[in-house]
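Notes follow the structure.
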Amino acid sequence: MLTDALTIRHYQKLTDALVEMWNRGYRYEEMRIYLDGYLASLRISKAIEPFLIHRLEEETTRYIYDRSNFEMPALQTETEIDYY
């Protein structure tokens with residue numbers, strides 16, 4: 001569980017970007033490469049502590065491989081009402 005506010009912001013940015021990538025047609029391997037690059041930039045810039053980056057990686061990897069995060073909601077069609 002993430003508790004640091006800055007780490008949570010990074011998690012939210014990552015998950016939003018991953019959903020957007022999925023909607024554009026990217027798949028798991030491309031999203032994993034994006035995640036690796038994002039995490040590498042956090043490590044190089046030392047934006048957050050290394051243990052928080054590790055925890056962020058665990059949580060985001062879990063998010064990527066949970067299929068329910070990328071399912072499109074079923075469209076509900078309106079039923080026609082007969083006025084006879």
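In this chain, residues are counted from 1 in sequence order. Just so it is clear, the values below take in all heavy atoms, side chains as well, and ignore hydrogens, waters and symmetry mates. Owing to the predicted nature of the structure, the values given are computational and were not obtained by experimental measurement.
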Q | side-chain hydrogen bond (donor to acceptor under 3.5 Å, both in side chains) partners for Thr61, two or more places apart | A | Arg32

Q.
Other residues, nucleotides and ligands only: do more than 12 of their heavy atoms fall within 6.0 Å of CZ on Arg43?
A. yes

Validation row: [X], [Y] side chains within 4.5 angstrom (heavy atoms):
X	Y	result
Asn69	Thr15	no
Tyr28	Arg67	yes
Arg55	Thr7	no
Leu18	Tyr26	no
Met21	Arg24	no

Rounded distance [0.5 Å steps], [atom1] in [X] versus [atom2] in [Y]:
X	Y	atom1	atom2	value
Glu57	Asp36	CD	CG	6.5 Å
Arg9	Leu2	CZ	CG	13.0 Å
Trp22	Ile64	CH2	CD1	11.0 Å
Ile53	Thr60	CD1	OG1	11.5 Å
Ile8	Glu59	CD1	CD	10.0 Å
Asn23	Glu20	CG	CD	6.0 Å

Q) Is the distance between the ring centroids of Phe70 and Tyr63 under 6.0 Å? A) yes

Q. Which pair of heavy atoms, one from Leu56 and one from His10, lies closest together, and at what distance?
A. CD2-CB, 3.9 Å

Q) Shared ILVMFWY cluster between Ile44 and Leu6, side chains joined below 4.5 angstrom? A) no

Q) If two hydrophobic side chains count as joined below 4.5 Å and joins carry through other members, does Leu14 share a cluster with Ile33? A) no

